[in-house]
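First comes the structure, then the notes that go with it.
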Amino acid sequence: MTTLQFGAVQGLSGAEQAQLEELARVFGAHQAKNAVKDRYYEGHIGLAQVNLGIALPQGLRNLEVGCSWGQKAVDALADRSMFDGFVGSEQAVGSLAGIVAGNRLLAGYAKACRDELKYGCAFATLCADPALGCRIRFHSPATAAAVWSGEKGRIGCGLAIIDTAPDAAGCRRPRLVNFHTDNALIVLTAQGGGRWQAERHPHPMGRPLMEPLIWNATSEKPFGRSRLKRPVRALIDDYVRVLANATIALEFDTTPQKYLLGVTDEQYDAVISNKFRQYIGSLLASTSNPDTGENPEFGQLAQGSLAPHVEKLRMVAAQFAAATGLTVPDVGIVNDANPTSSDAILAQSQTLVLMAQQLNAANGDALRTIAQMAQAILRGVPLKALTDAERDVMAHFKNPAMPSVAVTADAAIKIASARQEFASTDTFLEMIGFDQADIRRIRAQEQRVRGQRLLVEVENEDHREGLG
C-alpha cells in the first residue's frame with residue numbers, strides 16, 4: 001500500500017504546505033478502502049473472510065472460490081460508455097485531434113472509466129508538453145487525491161503520483177509527485193531522508209489542471225460512490241459462502257456414507273484398512289459373525305441434495321442483478337425457459353442502459369472541461385480567453401444501448417430518404433456498420449474514382465476539340 005509523507009517542503013508557501021499535508025492525509029485515509037475494492041474487483045475473497053463458523057469447517061478456510069461478480073459489475077457498465085472523440089467546429093476539433101491521438105485519449109478514457117466505477121472517481125491531470133502541446137494523464141484514487149471546494153464547485157487542490165522508486169526494503173515509494181493548485185503545477189521530487197524539492201510551473205488557468213470523473217455523486221459525497229459499495233460486497237460474500245457450501249456438499253454426495261453392521265473384528269480391520277478399495281469395489285462379501293451368529297448388514301445413508309444450494313445461488317444472483325442493474329444471465333444464471341426475444345433482452349438491460357446514459361452525461365461534462373483546458377494550454381491563455389467555438393467543443397459517445405447493425409442501418413436509410421445530404425456524411429456510414437478505418441478507405445477510394453472520372457472527362461474533351 002502506497003503511503004505519502006511530506007515534511008516541510010522548501011519553496012512552498014504556508015497555505016500550499018497546509019494544502020499538501022491535507023492531501024497526504026486524504027490520500028492515506030482512503031487507501032485501506034481502495035485496497036478492499038481492488039480485492040473484490042479481482043475476485044480475491046477467501047473463505048476466512050466470509051465464513052459464519054456454522055456450516056463451513058474452519059479447516060477449509062483456505063479453499064479458494066472464484067467469483068468475478070465484482071469485475072462484472074464494473075466492466076458491464078464501463079463497456080457501454082464508449083467515448084468516440086470530440087465534436088464541434090472544424091477548427092476547434094482539428095486543434096484537439098493531435099492531443100487526442102498523442103495522448104491515446106480514447107484508450108485512456110476506457111481505463112479511467114473502470115477506475116471511476118471501481119473507486120467512485122478517477123482524475124485527469126493536464127500539463128504543457130513540448131512534443132504533444134498538452135499531456136493528459138488519468139489517475140485512480142490509488143495514485144491520486146484531491147480536496148473538493150464547495151465554494152467553487154470543483155477541485156480546490158490535488159496531487160498525483162507520477163513515478164515511484166524502490167526503497168532500501170524493496171518497497172516502492174513515491175519519487176515524483178505533481179501538486180496542483182489554482183495558479184501553479186508544483187513538481188515535487190524526493191531527495192531522500194524524507195526531504196522533497198519543489199519546482200514551480202505557474203499557469204494562467206485560475207484553477208488546478210486537474211478534473212475528476214465522478215460516478216453517482218451526492219451532496220455528502222462529491223467524489224462519488226463506488227459500484228462495489230458495501231451492500232454489493234455483502235452479496236458477493238454470500239455468493240462465495242454458498243458456492244463453498246455447495247462444493248463441499250458435492251464432495252460428500254460423490255462419496256456417500258455407508259455402514260456395515262454385525263462384522264467380526266477381522267472383517268472390520270479389513271474394511272477400515274482400505275476404505276477407498278471397499279468404496280469402488282462392485283462386490284462386498286462377508287461371512288456371519290461366529291460370536292453372535294448374525295449375518296453382516298450393509299447399508300447406505302441417504303445422499304444430500306444440491307437443490308437448496310442452487311436455489312440459494314439463484315436468489316443471491318437475482319439480488320445482485322437488482323443491486324447493480326445487470327441482467328440475471330449476466331451473473332451466470334441461465335434461464336431454463338424458452339429463449340427470450342431480442343425485445344425482451346433489450347428490456348432486461350434497460351436499467352444498465354439508463355445508468356450508462358447517466359455515466360456518459362457526467363463524464364461528458366468532465367471531458368468538455370478537459371478539452372477546454374487543453375486548448376487553453378495550447379494557446380497559453382486562461383479559460384476565459386477561449387473563443388465561443390473552443391468552448392462549444394463536446395464529447396461524443398456511442399449509443400450505450402448498442403443496437404444491432406440492422407437496426408441502425410434501417411434508421412440511417414430512413415433518415416437519408418428525408419435528408420438526402422445525410423447520406424454523404426461519415427455519420428451515415430457509421431450507422432450502417434463501418435468503423436473509422438473503413439470510412440477512411442471508402443473516402444480515399446471515392447476520391448480516387450472521382451479523380452479518374454475527371455481525368456477521363458478531360459481526355460474526352462481534348463479529343464473532341466482535336467476532332468473539331
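For the single chain, residues carry numbers from 1 onward in sequence order.
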Can you name the nearest heavy-atom pair linking His203 to Leu185, along with the distance? CD2-N, 3.7 Å

Working to the nearest 0.5 Å, report the span between CD of Glu21 and CD of Gln19. 11.0 Å

In a table with atom names and distances, give each donor-acceptor pair under 3.5 Å that connects a side chain of residues 125-138 to protein atoms at least two apart or in another chain.
from, atom 1, to, atom 2, distance (Å)
Thr125, OG1, His139, NE2, 2.9
Asp129, OD1, Ala131, N, 2.9
Asp129, OD1, Leu132, N, 2.8
Asp129, OD2, Arg135, NE, 3.3

Heavy-atom pair with the smallest gap, counting every atom of Met210 and Ala145: CE-O, 3.7 Å

May I ask you to test the Pro400-Asn360 pair for a side-chain heavy-atom distance under 4.5 Å? yes

Working note: Tyr109 + Asn103, criterion side chain to side chain donor-acceptor pair (under 3.5 Å); need CA distance, chi angles, decisive distance, verdict. CA-CA 10 Å; Tyr109 171 81; Asn103 288 282; over 6 Å; no

Given Glu199 and His201, is the side-chain contact (heavy atoms from CB on, under 4.5 Å) satisfied, shown in steps? CA-CA 7 Å; Glu199 181 181 350; His201 299 272; 3.3 Å; yes

Taking atom NZ of Lys398 and atom CG of Asp84, what is their separation to the nearest 0.5 Å? 5.0 Å

Has the side chain of Gln17 got a donor or acceptor atom that lies under 3.5 Å from a matching backbone atom of Val9? yes

For Arg114 and Asp79, work out which heavy atoms get closest and say how close. NH2-OD1, 2.5 Å

What are the two closest heavy atoms between Pro208 and Met373, and how far apart are they? O-SD, 3.9 Å

Side-chain (Ser95) to main-chain (Ala92) donor-acceptor, under 3.5 angstrom: yes

Determine whether Arg391 and Asp388 satisfy the following criterion, salt bridge (Lys or Arg N to Asp or Glu O under 4.0 Å), listing intermediate values before the conclusion. CA-CA 5 Å; Arg391 291 193 188 95; Asp388 291 339; 3.3 Å; yes

Is there a side-chain contact between Leu23 and Phe179 in this structure, where contact means two heavy atoms from C-beta onward sitting under 4.5 Å apart? yes

Could you check whether any side-chain N or O of Trp69 sits under 3.5 Å from a backbone N or O of Val331, counting only pairs where one atom can act as donor and the other as acceptor? yes

Under 3.5 Å donor-acceptor, Arg227 side chain and Thr324 backbone: yes

Contact between Thr387 and Gln91 at the side-chain level, heavy atoms closer than 4.5 Å - yes or no? no

Test side-chain contact (heavy atoms from CB on, under 4.5 Å) on Val381 and Glu390 and set out the steps. CA-CA 12 Å; Val381 298; Glu390 290 170 332; over 6 Å; no

Assign the ring pair Trp196 / Phe6 to parallel, tilted or perpendicular, where the plane angle (0 to 90°) is split at 30° and 60°. tilted

Should Met205 and His180 be marked as a side-chain contact (heavy atoms from CB on, under 4.5 Å) after you check the CA-CA gap, both sets of side-chain angles, and the distance that decides it? CA-CA 11 Å; Met205 202 65 61; His180 293 271; over 6 Å; no

Side-chain donor/acceptor of Arg175 to backbone N/O of Asp163, under 3.5 Å: no

In the structure I gave you, are the side-chain heavy atoms of Leu159 and Leu20 within less than 4.5 Å of one another anywhere? yes

Closest heavy-atom pair and its distance - Val26, Ala146: CG1-O, 4.1 Å

Identify, with sequence neighbours excluded, every residue that meets side chain to side chain donor-acceptor pair (under 3.5 Å) alongside Tyr119. Asp38

Evaluate the side-chain proximity of Arg80 to Val353: yes if any heavy-atom separation is below 4.5 Å, no if none is. yes

Atom NZ of Lys221 and atom CD1 of Ile214: how far apart are they, to the nearest 0.5 Å? 13.0 Å

Donor-acceptor pair, distance only, cut-off 3.5 Å: does the side chain of Gln31 make one with the backbone of Phe27? yes

The test is side chain to side chain donor-acceptor pair (under 3.5 Å); show your working for Tyr40 and Asp237 and say whether it passes. CA-CA 9 Å; Tyr40 276 83; Asp237 290 345; 2.7 Å; yes

Looking at side-chain heavy atoms only, is the closest gap between Asp392 and Arg368 below 4.5 Å? yes

Would you indicate whether Glu22, at its atom CD, is surrounded by more than 12 heavy atoms from other residues, nucleotides or ligands within a distance under 6.0 Å? yes

Going from CD1 on Ile186 to OG on Ser13, what distance comes out if it is rounded to the nearest 0.5 angstrom? 7.5 Å

Between Phe86 and Leu367, is there a side-chain heavy-atom distance shorter than 4.5 Å? yes

Locate the shortest heavy-atom distance separating Leu352 from Leu77; write the atom from each residue and the value. O-CD1, 3.9 Å

Please report the interatomic distance CG(Asn363) to OG(Ser81), rounded to the nearest 0.5 Å. 5.5 Å

Using a cut-off of 6.0 Å, state whether more than 12 heavy atoms not belonging to Met394 lie near its atom CE. no

Does any part of the side chain of Leu209, heavy atoms only, come nearer than 4.5 Å to the side chain of Asn178, both counted from C-beta? no

Crowding at CZ, Arg379 (>12 non-hydrogen neighbours, <6.0 Å): yes

Backbone N/O of Lys118 and side chain of Ser226: donor-acceptor pair under 3.5 Å: yes

With rounding to the nearest 0.5 Å, note down the distance linking OG1 in Thr181 to CD1 in Ile155. 12.5 Å

Quick one: does any side-chain atom of Gln350 pair with a main-chain N or O of Ala401 as donor and acceptor, under 3.5 Å? no

Using the six-membered ring wherever Trp is involved, compare the ring planes of Phe83 and Phe397 and label them parallel, tilted or perpendicular (cut-offs 30° and 60°). tilted

Going through the checks in order, is the side-chain contact (heavy atoms from CB on, under 4.5 Å) test met by Leu117 and Leu359? CA-CA 9 Å; Leu117 296 174; Leu359 176 64; 4.2 Å; yes

